[in-house]
Amino acid sequence: MLALAGYPLGMRFRFLDPSPEAPVGRIAPRVTGDYSDRGALEKFAHGLEVVTYEFENVPVDAAHFLAKKVAVLPPPVALETAQDRLREKQLFDKLGIATTQYAALDSAYDLEAAVKKIGMPVVVKTRRMGYDGKGQWVLRTAEEVKVAKENLPKVPCIVEKFVAFRRELSVLAVRGRGGETALYPLVENHHRSGILRLSLAPAPEIAPEIRKEAEEAAGKVLEALSYVGVLAIEFFECEGHLLANEMAPRVHNSGHWTIEGAVTSQFENHLRAIQGLPLGATTPIGASAMINLIGEVPESKQVLAVPSAHLHLYGKEPRAGRKLGHVTLRAPSFENLVSRFGSLPGFFQRPEFCLNGNRA
Ligand code: AMP
């Protein structure tokens with residue numbers, strides 16, 4: 001999606017991916033190699049003007065290695081912070097951004113003490129390599145704590161208070177090389193089994209204080225990290241306030257709606273930012289719903305028969321839990337979007353795509 005946004009601007013791309021099957025190979029030159037393979041990194045970086053990443057588990061060592069040869073943006077420190085849930089939370093704390101209550105858990109032996117400190121229910125998360133709900137365990141009873149103590153992987157974790165949130169929101173912000181910033185409107189996100197299923201943009205019924213909290217949080221993180229590019233921060237809306245859950249130093253799934261739903265897409269703005277070009281307007285065009293296609297895809301012709309539905313297939317092999325594509329439905333207003341939603345084919349009439357799911 002980055003390449004597709006950059007080609008009309010005359011940009012050229014080379015991609016690095018460990019998998020020989022990475023679908024990007026169909027649209028851009030690709031170096032296949034492990035992120036730790038110095039030879040592959042050299043070959044990839046040769047002659048490039050700027051390197052960016054769209055996967056936050058790229059090893060920080062690879063980013064530092066590349067940064068000796070070519071500009072790497074967003075700065076590797078952002079990658080380093082986002083890869084470790086404890087560091088991420090500590091950054092939020094330092095910047096005065098409210099988070100869920102948490103405690104570091106270096107060893108499962110300390111689980112009971114951490115749970116006692118925070119109070120049940122809790123979510124235990126591995127500090128590293130967790131995404132889409134992977135590496136997470138919700139514990140609601142003493143029995144579950146006991147079982148978890150035996151079975152948790154022997155890696156550093158954090159224990160978080162399980163938040164009974166009203167809904168999940170995210171903010172997408174972009175900062176250019178000269179420090180200029182732009183923000184997209186807040187997005188409402190619906191997850192199931194830890195995976196994003198549906199985003200509504202702009203999020204309906206956003207109180208001015210909530211918008212202010214999100215925008216201030218984004219501004220602080222961008223500034224603190226001397227950030228360049230698109231940054232996403234995910235929040236829980238809870239009792240009229242926001243609690244920051246995590247950040248993603250990259251274009252984000254909850255920003256895919258911007259391809260059709262905003263004047264400038266997150267992908268184009270990311271590319272503009274890292275190349276020192278003027279940022280584009282982040283204004284939404286009406287209201288959008290972005291539906292992730294996970295594990296299976298509907299028949300293309302069913303989707304294409306729906307006026308203002310836009311289909312994006314990523315060309316990946318279907319696998320349970322895998323994001324295979326998305327559909328964006330656009331309408332002039334949120335009310336209109338809700339009524340258009342009802343006309344989507346049966347594939348989309350599932351509870352996880354229910355527009356009022358988290359808000360009812
Ligand atoms: P994460 O990988 O931290 O983004 O978590 C994935 C999803 O799990 C989130 O989008 C929430 O739906 C849920 N989740 C994560 N942490 C918590 C929490 N502390 N309380 C309630 N739900 C959570």
Side-chain angles (χ1 to χ4, degrees), residues 55-57 78-79 81-93 97-105 111 114-115 117-141 144-145 148 152-153 155-172 186-201 203 214 217-218 221 231-239 241-256 290-292 294 321-323 351-354 356-360:
F55 174 56
E56 76 241 32
N57 287 329
L79 193 61
T81 310
Q83 281 178 1
D84 181 345
R85 290 186 188 272
L86 184 61
R87 275 191 67 167
E88 190 175 66
K89 289 255 188 323
Q90 287 168 339
L91 174 72
F92 291 147
D93 282 349
I97 301 168
T99 67
T100 51
Q101 209 188 332
Y102 68 93
L105 183 69
L111 182 61
V115 172
K117 184 172 152 203
I118 288 173
M120 266 189 296
V122 299
V123 191
V124 182
K125 301 180 179 179
T126 56
R127 274 173 59 176
R128 296 182 164 276
M129 300 301 280
Y131 64 97
D132 283 350
K134 294 186 179 104
Q136 296 192 12
W137 301 268
V138 179
L139 309 179
R140 297 177 188 277
T141 62
E144 284 175 356
V145 172
L152 279 179
V155 292
C157 291
I158 63 167
V159 181
E160 281 180 21
K161 181 87 186 163
F162 182 89
V163 182
F165 51 77
R166 172 176 176 235
R167 58 176 168 173
E168 295 189 72
L169 299 169
S170 61
V171 69
L172 278 113
L186 275 166
V187 179
E188 177 178 308
N189 299 314
H190 298 240
H191 293 78
R192 184 169 264 216
S193 310
I195 306 179
L196 180 67
R197 304 285 157 158
L198 169 74
S199 289
L200 300 175
V221 175
L231 168 86
I233 307 182
E234 296 181 61
F235 299 97
F236 301 130
E237 184 182 343
C238 192
E239 292 165 7
H241 289 284
L242 291 181
L243 298 174
N245 178 33
E246 61 174 2
M247 65 180 216
R250 54 173 168 84
V251 285
H252 193 248
N253 196 176
S254 70
H256 287 6
M290 191 286 309
I291 302 157
N292 268 338
I294 294 164
R322 196 175 202 193
K323 291 176 180 166
E352 62 260 45
F353 302 139
C354 172
N356 292 314
N358 281 356
R359 291 180 303 112

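Just so you know, ligand 1 is whichever comes first in the structure, and atom 1 is the first atom listed for that ligand.
- When atom types are taken as modelled, the side chain of H256 and the backbone of H252 share a donor-acceptor pair closer than 3.5 angstrom.
- Atom OH of residue Y102 and atom CD of residue E160 lie 10.0 Å apart, to the nearest 0.5 angstrom.
- Proximity of N245 to ligand 1, defined as any heavy-atom pair under 4.0 Å, is confined to the side chain (atoms from C-beta onward).
- No donor-acceptor pair closer than 3.5 Å links the side chain of N245 to the backbone N or O of E234.
- In this structure, E88 contributes its side chain and Q83 its backbone to no donor-acceptor pair below 3.5 Å.
- Between L105 atom CG and K125 atom NZ the span is 14.0 Å, to the nearest 0.5 Å.
- From M120, atom CE reaches atom NZ of K161 across 9.5 Å, with rounding to the nearest 0.5 Å.
- Considering each of E88, R192, K125, E160, the one bringing a non-hydrogen atom nearest atom 15 (C) of ligand 1 is K125.
- Every N/O-N/O distance between V123 and ligand 1 stays at or above 3.5 Å.
- Proximity annotation for atom 7 (C) of ligand 1: of G194, P121, A164, G194 comes nearest, heavy atoms only.
- Close N/O approach between T100 and ligand 1 is not found [any backbone or side-chain N/O within under 3.5 Å].
- Residue contacts with ligand 1, taken as heavy atom pairs separated by less than 4.0 Å, involve E168 solely via side-chain atoms from C-beta onward.
- Taking every heavy atom of F165 and a limit of under 4.0 angstrom, the matching atoms of ligand 1 come to 21 (C), 22 (N).
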